[in-house]
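I have placed the structure first, in the form of structure tokens, so that the comments after it can refer back to it.
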Amino acid sequence: MAISIGADYYLNNAMTSQSATKADKLSSSLGGMDIAKATDAELLESCKEFEAYLVEQMLKGMEKTIPKDEDDEENAYMEQFGDILYTQVSKSIVENGELGLARQLFESMKRNQGI
């Protein structure tokens, strides 16, 4: 089943605005938080959200560097569900602590705020 050109335009714009919405949500979450009054669990969760967003953006950027041949057929599933895939992979990376950026950021925030 093919999607029409108009729908592709709508989907691409929706995905772009979804990414902007994630960034706005993360920014308001971190900006509105009083670090001195926040619990360790709240701080760590905010750090994990930031790391997940960072990893997701990195994965999307890496996808753009993959050369595409003119003969290759576009993968309809990746066009539809690629953002969901990147979101879930980035959450998995964060939960497994594979990069450890959230933990380092959390410890740095506690150290710098004297908490």
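Source: prediction; values computed, not measured. For reference, positions follow the sequence shown, starting with 1.
- In the hydrophobic cluster analysis, where Ile, Leu, Val, Met, Phe, Trp and Tyr join through side-chain heavy atoms closer than 4.5 angstrom, Phe81 is grouped apart from Val89.
- Here the CG atom belonging to Asp83 is positioned 11.5 Å from the CD atom belonging to Gln88, to the nearest 0.5 angstrom.
- Proximity of Glu51 to Leu99: side-chain heavy atoms (C-beta onward) are separated by under 4.5 Å at one or more points.
- No donor-acceptor pair closer than 3.5 Å links the side chain of Ser108 to the backbone N or O of Gln104.
- Summarising the geometry, atom CG belonging to Leu59 is positioned 12.5 Å from atom NZ belonging to Lys64; distances are rounded to the nearest 0.5 Å.
- In this structure the side chain of Arg103 never reaches within 4.5 angstrom of the side chain of Cys47, judged on heavy atoms.
- Of the inter-residue distances, the one linking Lys110 atom NZ with Leu43 atom CG reads 7.0 Å to the nearest 0.5 angstrom.
- Ile93 and Leu85 fall within a single hydrophobic cluster, where Ile, Leu, Val, Met, Phe, Trp and Tyr side chains are chained together by heavy-atom contacts under 4.5 Å.
- A continuous path of Ile, Leu, Val, Met, Phe, Trp and Tyr side chains, each step under 4.5 Å between heavy atoms, connects Leu54 with Met62, placing both in one hydrophobic cluster.
- Considering CZ of Arg111 and CD of Glu107, their distance stands at 7.5 Å, rounded to 0.5 Å.
- Under 4.0 Å is where a charged nitrogen must lie from a carboxylate oxygen, and between Glu56 and Lys60 at least one such pair does.
- For Ser46 (side chain) and Glu42 (main-chain N/O), a donor-acceptor pair under 3.5 Å exists by modelled atom type.
- Atoms CD and OH, from Gln57 and Tyr86 in turn, are 11.5 Å apart once rounded to the nearest 0.5 Å.
- In this structure the side chain of Lys48 reaches within 4.5 angstrom of the side chain of Leu44, judged on heavy atoms.
- Side-chain contact between Val94 and Glu49 is absent, with no heavy-atom pair separated by less than 4.5 Å.
- Ser90 and Val55 get closest at one heavy-atom pair: CB-CG1, 3.7 Å.
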